[in-house]
Amino acid sequence: MRNCSSTVPLTGHLNWTIISTEHPSAAMGVKLDRVFVDASFLVATYNRRDYFHRIALEFDVSLLSAREIWTTDAVLLEVTATLSQPSHRAAAIQVWRQFHGGSERCRAVEASTETLAEAMEIYRSRGDKAWSLTDCLSFIVMEREGLNEALTSDQHFQQAGYRALLLE
């Protein structure tokens, strides 16, 4: 998710030349206005071996026109955990900074005690689902902010009634 702020992108993490316009994908022509971004998307933009890398890069370009890009600090913690190897830390730091002062468009929601309690109640009550506590927190933020689309490859978002754009 390099396009969230005006900072210079890291080199060596994204290879824009692999994007092909010969075969239209779900991302081609999509206009994103207000969207939630999940860890699976953020990591896929940096991980060339990720199954969703190519489509994530295409959606990353679509974020240039987005008015609001939402996530949670819990999602950002997942990203920093996944990208914790020394060779990947610069990417994790870049993502964190974009949502913490890098751009007014990028909004990271902190989890208050009350919101975490609400997320835990969803987690407890939906024992039929394999939703993580981070997922439940994401769903609360999406509902509160009126967001319907998530840049994610996590089917749990679809189960909760949201569009998981990387899966379409």
Side-chain angles (χ1 to χ4, degrees), residues 1-7 9 25-47 50 52 55-83 91-168:
M1 214 191 66
R2 315 178 326 163
N3 302 319
C4 204
S5 71
S6 60
T7 60
S25 71
M28 300 305 274
V30 171
K31 182 172 180 346
L32 299 173
D33 182 46
R34 301 178 71 238
V35 66
F36 187 89
V37 295
D38 188 40
S40 62
F41 166 75
L42 293 168
V43 170
T45 62
Y46 288 96
N47 182 356
D50 190 292
F52 292 98
I55 188 83
L57 290 182
E58 292 174 7
F59 272 112
D60 193 40
V61 172
S62 297
L63 283 176
L64 286 169
S65 63
R67 188 169 45 96
E68 296 175 8
I69 303 165
W70 291 83
T71 197
T72 66
D73 277 344
V75 166
L76 295 177
L77 289 172
E78 288 183 349
V79 171
T80 60
T82 302
L83 300 176
I93 292 166
Q94 179 186 11
V95 170
W96 183 273
R97 285 182 177 162
Q98 288 174 342
F99 282 95
H100 288 277
S103 171
E104 291 181 15
R105 298 181 319 128
C106 300
R107 300 167 188 205
V109 177
E110 295 178 18
S112 67
T113 303
E114 296 80 22
T115 306
L116 278 174
E118 188 178 345
M120 181 52 80
E121 179 56 28
I122 294 170
Y123 182 84
R124 185 202 59 75
S125 69
R126 294 309 307 257
D128 61 322
K129 304 291 184 199
W131 298 350
S132 70
L133 188 58
T134 299
D135 289 343
C136 296
L137 184 61
S138 298
F139 303 154
I140 290 168
V141 169
M142 290 185 73
E143 182 179 336
R144 286 183 182 164
E145 297 302 327
L147 304 171
N148 297 310
E149 299 173 323
L151 282 170
T152 185
S153 60
D154 185 345
Q155 67 180 350
H156 299 150
F157 283 77
Q158 291 175 324
Q159 291 173 353
Y162 300 104
R163 290 183 64 198
L165 296 175
L166 297 184
L167 297 178
E168 294 183 0

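Numbers here are sequence positions counted from 1.
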Looking at [atom1] of [X] and [atom2] of [Y], how far apart are the two atoms once the value is rounded to the nearest 0.5 Å?
| X | Y | atom1 | atom2 | value |
| --- | --- | --- | --- | --- |
| E78 | D135 | CD | CG | 7.0 Å |
| D38 | S153 | CG | OG | 7.5 Å |
| T134 | L77 | OG1 | CG | 8.0 Å |
| Q94 | L83 | CD | CG | 10.5 Å |
| L133 | R124 | CG | CZ | 13.0 Å |
| I55 | D50 | CD1 | CG | 12.0 Å |

Could you report the tightest heavy-atom contact between [X] and [Y], atom names first, then the distance?
| X | Y | answer |
| --- | --- | --- |
| A130 | H156 | O-CE1, 3.1 Å |
| S132 | Y123 | C-CD1, 3.9 Å |
| R34 | G146 | NH1-O, 3.7 Å |
| F59 | L166 | CD1-CD2, 3.5 Å |
| A56 | A44 | CB-CB, 3.8 Å |
| D154 | S40 | N-OG, 4.1 Å |

Exercise for the section: Test F36 against every option in V75, I69, L151, T152 by the side chain to side chain contact (heavy atoms under 4.5 Å, CB included) rule and name the one that passes. Expected result: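 Testing each of V75, I69, L151, T152 against F36, the sole residue satisfying side chain to side chain contact (heavy atoms under 4.5 Å, CB included) is V75.
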Exercise for the section: For side-chain contact (heavy atoms from CB on, under 4.5 Å), just list the numbers for Q158 and L167, CA-CA rounded to whole Å, side-chain angles, deciding distance to a tenth of an Å, and then say yes or no. Expected result: CA-CA 9 Å; Q158 291 175 324; L167 297 178; 3.6 Å; yes
Practice task
Inspect the contact between R163 and E149 and indicate whether a charged nitrogen and a carboxylate oxygen are less than 4.0 angstrom apart.
Solution key: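 So E149 pairs with R163 through a salt bridge.
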Please name all residues satisfying side chain to side chain donor-acceptor pair (under 3.5 Å) with [X], sequence neighbours left out, ordered by chain then number.
| X | value |
| --- | --- |
| R144 | T115, E118 |
| T71 | none |
| W131 | Q159 |

Practice task
Taking the side chain as every heavy atom from C-beta outward, state whether L63 and F41 have any pair of such atoms under 4.5 Å apart.
Solution key: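 L63 vs F41: side chains touch.
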Problem - Working for side-chain contact (heavy atoms from CB on, under 4.5 Å), residues E145 and W70 - result: CA-CA 9 Å; E145 297 302 327; W70 291 83; 3.3 Å; yes
Problem - Evaluation steps, side-chain contact (heavy atoms from CB on, under 4.5 Å), between W96 and D73 - result: CA-CA 9 Å; W96 183 273; D73 277 344; 4.1 Å; yes
Exercise for the section: Describe, in one word, how the ring planes of F157 and F139 are oriented to each other, choosing from parallel (under 30°), tilted (30 to 60°) and perpendicular (over 60°). Expected result: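 Geometry flag for F139 against F157: perpendicular rings.
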Exercise for the section: In sequence, state the C-alpha distance, the side-chain angles, and the governing distance for T80 and V95, and then conclude on side-chain contact (heavy atoms from CB on, under 4.5 Å). Expected result: CA-CA 9 Å; T80 60; V95 170; over 6 Å; no
Problem - Residue pair Y162 / E143, side-chain donor-acceptor N/O under 3.5 Å - result: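 The answer is no; no qualifying pair exists.
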Problem - Within 6.0 angstrom of R97 CZ, more than 12 heavy atoms from elsewhere - result: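 Not buried by this count: 12 neighbours or fewer within 6.0 Å.
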